[in-house]
Structure formats: structure tokens, C-alpha cells
Amino acid sequence: MKLLDVLMAAQGGGAVTQLGQQFGLGNDQTSAALSALVPALAAGLARNATREGGLEGLTAALAGGQHAGYLDDAASLARPGTVADGNGILGHILGSKDASRQVAAQAAAASGVGSDVLKRMLPVVAAMVMGAMAK
């Protein structure tokens, strides 16, 4: 199953609804945002896994974290710690804030959702992606 499919199905769609409410988006906009963001995050994960120690680091992060909770409890997406955790994840996946901004800009062009919203959403989506990987 693809990462995007796992995210869309989490909590019977409740995770998508929660994410949309959190950022003032409808379900269609949220789905479009996820469809634009998740492939970039998946590509970053794949890139990191091929680097020396990357796969081991990812495996350790998945084993040591509570990432599955991001998909098991949709309310966890709105907790302040989720953004902090997501920013840490983004640092590993994308490497820099500039890369995160670029991903948000490209996703905005593809989804029609504003890049300012996507920049704020990106850490939460990164946490969700790690939750999907943990499952």
C-alpha cells in the first residue's frame, strides 16, 4: 500500500479531516495538499535510505519513536509537539528549511493550496508519513 493511501485511510478518513480543520481546508483541498506533499517526502526518505547509515537511522527512528500514534489518534496532529517532531523529521528527510520551502512552493503550484498554509502543514504531514512508515 502506498504512503498516501495509508494517510488517506487513517482513522477512516478522520486524520485527513482533522488535518484539514487544523489548517482551515476542506477535505478536497486537504487531499490535494497531501497528494502534492507526500511524494516529495517519500522521495526524501528513499534518498536518505540509500545514504551510508541512512536506512539504519530510519529504522532506529521508527523503532524508537511513537510515530504510529499520529495515525491512530487524529487529535495528536493538533498537539504542539507534533510540529516540533515533524520539523525534526523534515530536517532528516529534506535537509534544510530552504528545501522545505521549495517543496511547499511546488506543492502549492500542484494543489492550488497556498504555500503559506503548506509550509505550516508540512511538519504535520511529515509526522503522519513517519506514522504510516511505522505501521
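None of the values given here were measured: they were computed from a predicted structure.
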The criterion is salt bridge (Lys or Arg N to Asp or Glu O under 4.0 Å); which residues satisfy it with [X], sequence neighbours excluded?
| X | result |
| --- | --- |
| Asp72 | Lys135 |
| Asp116 | none |
| Arg120 | none |

- Among all residues two or more places apart in sequence or in another chain, which pass the side-chain hydrogen bond (donor to acceptor under 3.5 Å, both in side chains) test with Asn87? none
- In chain order, what residues pass the side-chain hydrogen bond (donor to acceptor under 3.5 Å, both in side chains) check against Arg79, with sequence neighbours excluded? Asp73
- Query: If you look only at pairs with a residue in residues 15-31, which of them pass as a salt bridge (Lys or Arg N to Asp or Glu O under 4.0 Å), with sequence neighbours excluded?
  - Reply: none
- If a pair satisfies salt bridge (Lys or Arg N to Asp or Glu O under 4.0 Å) and one of its residues is in residues 81-104, list it, with sequence neighbours excluded. Asp98-Arg101
For [X], what residues pass the side chain to side chain contact (heavy atoms under 4.5 Å, CB included) criterion, not counting sequence neighbours?
| X | value |
| --- | --- |
| Ala99 | Leu94, Ser96 |
| Ala78 | Gln18, Gln22 |
| Thr17 | Gln21, Asn27 |
| Ser111 | Ala32, Ala36, Val113, Leu118 |

- Using modelled atom types only, decide if a donor and an acceptor are shared between the side chain of Ser76 and the backbone of Gly69 within a distance under 3.5 Å. yes
